[in-house]
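I have placed the structure first, in the form of structure tokens, so that the comments after it can refer back to it.
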Amino acid sequence: MNKKIQTEAVDSLFDAILCLKNREECYLFFDDLCTVNELLSMSQRFEVASMLENHSTYLEIAEKTGASTATISRVNRSLNYGNDGYDLVFGRMEQKPS
């Protein structure tokens with residue numbers, strides 16, 4: 001885990017996120033917290049990670065998401081050498097009933 005981001009302020013932010021109960025609450029909170037571009041950038045990276053997990057090519061990902069190859073490469077590096085955060089979330093999403 002990146003020790004640079006472990007601060008009281010980040011802990012407080014994560015605690016706030018963990019208080020959210022549903023998608024509508026997430027929309028309300030993140031709309032207040034983030035700019036449109038920040039939120040779209042995060043969602044784009046998450047979509048890129050999902051597509052990489054499903055073995056899509058960089059070209060397919062770039063065409064579908066509009067992400068640059070630099071962004072795709074950065075996300076791929078996190079998937080392969082990161083803290084397994086994406087894997088944790090993907091695993092839990094697979095277990096969640098629809």
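Here the structure is a predicted model, which is why all the values come from computation and not from measurement.
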Close side-chain approach of Leu20 to Phe30, heavy-atom, < 4.5 Å: yes
Contact check, side chains of Met42 and Cys34, non-hydrogen atoms, under 4.5 Å: yes
Note, Ser73 side chain near Arg77 side chain (heavy atom, < 4.5 Å): yes
Glu25 versus Asn22, closest heavy-atom pair with distance: N-OD1, 2.8 Å
Distance (rounded to the nearest 0.5 Å) between Asn76 CG and Tyr81 OH: 8.5 Å
Reported SG-to-CG distance for the pair Cys26 and Asp31, which is rounded to 0.5 angstrom: 12.0 Å
Nearest non-hydrogen partners of Ala16 and Phe29, listed with the distance: CB-CZ, 4.1 Å
Non-hydrogen atoms of Arg45 and Thr71 that approach each other most closely: CG-CG2, 4.1 Å
Path from Leu39 to Leu13 over hydrophobic side-chain contacts below 4.5 Å: yes
Heavy-atom closest pair, residues Tyr58 and Thr69: CE2-O, 4.2 Å
Nearest heavy atoms of Thr35 and Glu38, plus distance in Å: N-OE1, 2.8 Å
Glu53 side chain reached by Asp87 side chain, heavy atoms, under 4.5 Å: yes
Heavy-atom side-chain contact between Gln44 and Leu40 under 4.5 Å: no
Candidate pair Val89 and Phe46, rule side-chain contact (heavy atoms from CB on, under 4.5 Å), full reasoning: CA-CA 10 Å; Val89 169; Phe46 189 73; 4.0 Å; yes
Atom OH of Tyr27 with >12 non-hydrogen neighbours under 6.0 angstrom: no
Closest non-hydrogen atom pair, Glu60 against Met51: O-CE, 4.0 Å
